[in-house]
Participant: 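Just dropping this structure here.
Side chains are part of it too, since the values below use all heavy atoms of this structure and drop only hydrogens, waters and symmetry mates. Numbers restart at 1 for each chain; the letters A, B, ... are given by sequence-line order, proteins then strands. Quantities reported herein were computed from a predicted structural model and do not represent experimental measurements.
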Number of protein chains: 2
Amino acid sequence: MAKQGREYGGALDQLLELTMLLSADMERGLGELGLTGPRTHLLWVVHHQGPSTQRVLADALGVSARNITGLVDALVDTGFVTREPHPTDRRATLVSLTKHGATVMTQMAADHAELAEGLFGGLGPRQFGAFVTTMTTVLDELRRRVEEAR
Amino acid sequence: MAKQGREYGGALDQLLELTMLLSADMERGLGELGLTGPRTHLLWVVHHQGPSTQRVLADALGVSARNITGLVDALVDTGFVTREPHPTDRRATLVSLTKHGATVMTQMAADHAELAEGLFGGLGPRQFGAFVTTMTTVLDELRRRVEEAR
DNA sequence: CTACATAGTGAAGTATCATCACGATATGGC
DNA sequence: GCCATATCGTGATGATACTTCACTATGTAG
């Protein structure tokens with residue numbers, strides 16, 4: 001109960017540092033494919049949710065709808081996605097992965113798992129479980145605080 | 001030992017989500033002060049390390065030296081830092097916090113601690129200790145992997 | 001059919017990054 | 001002292017990612 005502020009701050013600092021390193025590691029090698037952070041994020045959403053309208057992508061990425069246009073443009077130019085008319089709503093377009101895009105995202109998911117194995121593989125089951133449990137608690141608390149700040 | 005890939009992936013996803021929420025929460029309210037992410041990061045470095053040359057700041061922020069010029073320009077304009085000639089190296093300039101900058105950063109450190117209290121305050125000492133220990137292990141492993149990838 | 005909401009884009013602007021070139025200054029070897 | 005070389009900061013230029021406002025085309029509710 002009597003944990004000191006400095007202890008907390010150190011934990012937060014480490015979380016932030018881990019974050020930055022994670023981002024750097026995840027983005028390594030994507031530049032050669034022309035995949036920047038937001039573009040990769042967009043591909044990730046399409047990979048997980050299937051063909052999506054740009055409105056949906058804007059909400060998923062947390063940016064304005066206007067911004068999605070340019071991201072999709074770039075991904076169409078580099079052959080990762082296609083734009084097709086929405087079957088029922090003629091205002092909307094559906095963004096889908098091309099074969100190339102699907103291949104790249106499948107590989108990325110594999111790399112993702114391999115990175116996780118490298119990170120957590122050295123931990124015993126109990127350590128790993130405690131880590132995930134605590135992280136989940138912290139995440140829930142943070143999400144609650146973020147929500148109530150709106 | 002036989003943890004599954006999906007477990008790992010979930011932990012990583014949560015880490016990334018926590019990251020994003022943390023960033024959003026940390027930046028809340030800074031916009032009113034004209035403090036964007038990189039500018040805040042720069043202030044943070046100066047606050048912790050004292051007056052620094054732009055070269056040092058570039059390395060600390062992980063961006064090109066050229067980029068620091070504009071960030072410092074903006075922070076000088078808004079009164080957070082000053083540029084002074086380096087006492088011994090006439091090529092270099094020293095970036096220091098103004099009184100205003102120091103006040104803001106002290107407040108930010110307090111907010112930081114308060115956020116951490118909100119996040120970790122609900123955890124028992126044992127949970128908290130296990131979390132920090134495991135996070136440190138993961139962080140070290142990640143740092144090792146990032147280093148060897150260079 | 002009219003009023004209003006929504007999907008996507010053009011125009012214009014801002015912030016953060018990069019590389020290349022350059023002048024000013026340090027520094028080490030002679 | 002002198003010269004080659006490295007380093008510090010910045011001007012010029014461009015890419016990427018974001019914004020808001022205005023607009024067209026389309027859907028939807030009354």
Participant: Could you pull out every donor-acceptor pair under 3.5 Å between side chains of residues 65-78 of chain B and any protein atom, sequence neighbours left out?
Facilitator:
| unit_1 | atom_1 | unit_2 | atom_2 | d |
| --- | --- | --- | --- | --- |
| B:Asp73 | OD1 | B:Arg83 | NH2 | 2.1 |
| B:Thr78 | OG1 | B:Ala74 | O | 2.8 |
| B:Thr78 | OG1 | B:Leu75 | O | 3.4 |

Participant: Tell me which residues in residues 81-96 of chain B lie within less than 4.0 Å of DNA chain D, going by non-hydrogen atoms.
Facilitator: B:Arg83, B:Arg91, B:Ala92, B:Thr93
Participant: Looking at every heavy atom in both A:Ala60 and A:Val45, which two are closest together, and how far apart are they?
Facilitator: CB-CG1, 3.9 Å
Participant: Considering non-hydrogen atoms only, spot the tightest contact between B:Ser52 and B:Leu57 and give its length.
Facilitator: CB-CD2, 3.9 Å
Participant: Does the side chain of A:Ser96 reach to within under 4.5 Å of the side chain of A:Glu84, using non-hydrogen atoms?
Facilitator: yes
Participant: How many Å lie between CG on A:Asn67 and P on D:dC21, as a whole number?
Facilitator: 16 Å
Participant: In whole angstrom, give the distance that lies between atom CG of A:Leu35 and atom P of D:dT16.
Facilitator: 12 Å
Participant: To the side chain of A:Arg55, which of D:dC18, C:dA18, C:dA7 is closest?
Facilitator: C:dA7
Participant: Closest approach to the side chain of B:Leu71, judged atom by atom: which nucleotide of C:dC17, C:dT9, C:dA18 is it?
Facilitator: C:dC17
Participant: What is the distance, to the nearest angstrom, from the CG atom on B:Leu57 to the C1' atom on D:dC8?
Facilitator: 13 Å
Participant: Is any side-chain N or O of A:Ser64 closer than 4.0 Å to OP1 or OP2 of D:dT19?
Facilitator: yes
Participant: Provide, to the nearest angstrom, the distance between the CG atom belonging to A:Leu61 and the C1' atom belonging to D:dT19.
Facilitator: 15 Å
Participant: Expressed as a whole number of angstroms, how long is the span from B:Ile68:CD1 to D:dT7:P?
Facilitator: 18 Å
Participant: Is there a side-chain contact between A:Thr40 and A:Met108, using heavy atoms and a 4.5 Å cut-off?
Facilitator: yes
Participant: Taking N and O atoms by type only, does the side chain of A:Arg66 place a donor or acceptor under 3.5 Å from a partner on the base of C:dG10?
Facilitator: yes
Participant: Which nucleotide in the set C:dC17, D:dC18, D:dG9 lies at the smallest distance from any side-chain heavy atom of B:Thr53?
Facilitator: D:dG9
Participant: Indicate whether OP1 or OP2 belonging to D:dT7 is found under 4.0 Å from a side-chain N or O atom of B:Gln54.
Facilitator: no
Participant: How many Å lie between CZ on A:Arg39 and P on C:dC17, as a whole number?
Facilitator: 17 Å
